[in-house]
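In this text the structure is predicted, and so the values were computed from the model without any measurement. Computed over heavy atoms, backbone and side chain alike; hydrogens, waters and symmetry mates excluded. Along the sequence shown, residues carry numbers from 1.
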Amino acid sequence: MVIMAADHGVARHGVSAFPQAVTAQMVRNVLRGGAASSVLARHAHAELVVVDVGVDADLSDLPGLRQHKIAFGTHDMTREPAMSREQAWRAVEVGINIASELIAAGADLIAPGEKGIGNTTAASAVIAGLCGLPVASVTGRGTGIDEAGWGRKVALIEAALALHRPDPADGLGVLAAVGGFDIGGMAGLMLGAAARRVPVLIDGVIAGAAALVALNLAPAIQPYLIATHRSVERGHAAVFERIGSTPLFDLQMRLGEASGAALAIPLCQVACTLVGKITTTQEFSHA
């Protein structure tokens, strides 16, 4: 389980129920072992890796945190591109390199996750930009904002897409215009894992947005993507359609941070056990 942590400039518009400073607090909680991802990783006997790819705080003193900060959060997408194209690619490269390192050390399943206030706004913008869908149809309530907050969120995404007009055929361009460093890092994890024939568990809508970016960059990775669960976020349905994978379960989850992917790890282990040990009709008929 790899958690990509980053902040988003659009958060200053109040698109979340929590202030941006909470991102750094959440990262500290994960490393202390108190977050849902921490608990679920222990339960699944999975290694938990936490990466600072763009938190708007100095976390260089945190033991156990992998330091790959590209910038102290993205820019406000409603006024300028969230990041430069070069920064977008750097985020993807971080994920590719970490996946390569973990797989070389023995990892046989990668579950990308994220931490960052405002990241469902960026994810919805990426999904709308890549799929050409109305913003309202792929934008949910994230941390639980009210109706007025949701309307503001939709309007901000619409304004950003109207300003930048990213090309849906250019995944890196969409990521740079309205995405986040966390989304880029997760896309890189997927690319790096698939390149080494290791499957990836797709978590919630933010990981789903990253999957769309990764698929745009390298369509051949599709067979390695496993949709784990259907979240309450509206944009998730568009993700499933694009990646061609039916989610394994629907528990009305909305947490992110690879929590749904963690619940799918035992299902994957059971599937492998069955494939490896069950006796087929052909086999027992000749016994």
Side-chain angles (χ1 to χ4, degrees), residues 1-6 46-47 49-54 66 68-70 74 82-116 119 122-123 125-127 129-131 166-228 238-245 256-258 261 264 268:
M1 293 170 59
V2 185
I3 307 297
M4 294 286 180
E47 179 182 0
V49 176
V50 187
V51 186
D52 177 0
V53 74
R66 298 205 178 197
H68 294 281
K69 194 190 298 288
I70 295 167
T74 55
M83 64 193 92
S84 68
R85 194 176 182 90
E86 187 270 338
Q87 286 178 317
W89 180 245
R90 282 174 58 196
V92 173
E93 281 189 316
V94 168
I96 291 173
N97 292 336
I98 289 176
S100 301
E101 174 191 337
L102 294 174
I103 293 166
D108 55 6
L109 188 64
I110 299 292
E114 81 301 316
K115 279 290 189 184
N119 52 19
V126 167
I127 294 170
L130 286 174
C131 297
D167 180 358
D170 179 13
L172 197 66
V174 173
L175 175 65
V178 296
F181 298 130
D182 47 358
I183 295 173
M186 288 190 290
L189 286 169
M190 297 170 195
L191 293 169
R196 288 153 185 80
R197 302 176 63 85
V198 169
V200 179
L201 297 177
I202 306 302
D203 187 41
V205 72
I206 306 159
L212 295 187
V213 173
L215 271 173
N216 182 280
L217 296 174
I221 73 169
Q222 188 275 336
Y224 296 93
L225 305 182
I226 301 171
T228 60
V239 170
F240 301 139
E241 184 175 344
R242 282 296 181 101
I243 68 177
S245 180
E257 66 181 66
C268 293

From Asp170 atom CG to Leu217 atom CG, the distance as rounded to the nearest 0.5 Å: 8.5 Å

4.5 Å side-chain heavy-atom contact, Leu109 and Pro199: yes

Side-chain heavy-atom pair Gln222, Leu215 within 4.5 angstrom cut-off: yes

Set of residues satisfying salt bridge (charged side-chain N to carboxylate O under 4.0 Å, His left out) with respect to Glu47, sequence neighbours excluded: none

Beyond-backbone contact of Val200 with Ile221, side-chain heavy atoms, under 4.5 angstrom: no

Note, Val174 side chain near Val213 side chain (heavy atom, < 4.5 Å): no

Closest non-hydrogen atom pair between Met83 and Ala88, with its separation: SD-CA, 3.5 Å

Close side-chain approach of Ile202 to Met190, heavy-atom, < 4.5 Å: yes

Between NZ on residue Lys69 and CZ on residue Phe181, distance to nearest 0.5 Å: 10.0 Å

Heavy-atom closest contact (Asn216 atom, Pro168 atom, distance): ND2-O, 3.3 Å

Non-hydrogen atoms of Asp182 and Lys115 that approach each other most closely: OD2-O, 4.4 Å

CG on Asp52 to CD1 on Ile70, rounded to 0.5 Å: 9.5 Å

Thr228 side-chain N/O to Leu201 backbone N/O, donor-acceptor pair under 3.5 Å: no

Side-chain heavy-atom pair Glu101, Val49 within 4.5 angstrom cut-off: no

Point-to-point distance, once rounded to the nearest 0.5 Å, from CD1 of Ile103 to CZ of Arg197: 12.0 Å

Smallest separation among heavy atoms of Pro112 and Ile110, with atom names: CD-O, 3.6 Å

Nearest non-hydrogen partners of Ser245 and Ala227, listed with the distance: OG-N, 3.1 Å

Minimal non-hydrogen separation, Ile183 against Ala209, with atom names: CG2-C, 4.2 Å

Approximate separation, where rounding is to 0.5 Å, of Glu86 CD and Leu172 CG: 10.0 Å

With sequence neighbours excluded, residues passing side-chain hydrogen bond (donor to acceptor under 3.5 Å, both in side chains) with Ser100: Arg196

Asn119 side-chain N/O to Gly116 backbone N/O, donor-acceptor pair under 3.5 Å: yes

From Leu130 atom CG to Leu175 atom CG, the distance as rounded to the nearest 0.5 Å: 9.0 Å

Any donor-acceptor N/O pair, Glu114 side chain to Glu257 backbone, under 3.5 Å: yes

Given Val51, Ile96, Val92, Ile98, the one that forms side-chain contact (heavy atoms from CB on, under 4.5 Å) with Leu189: Ile98

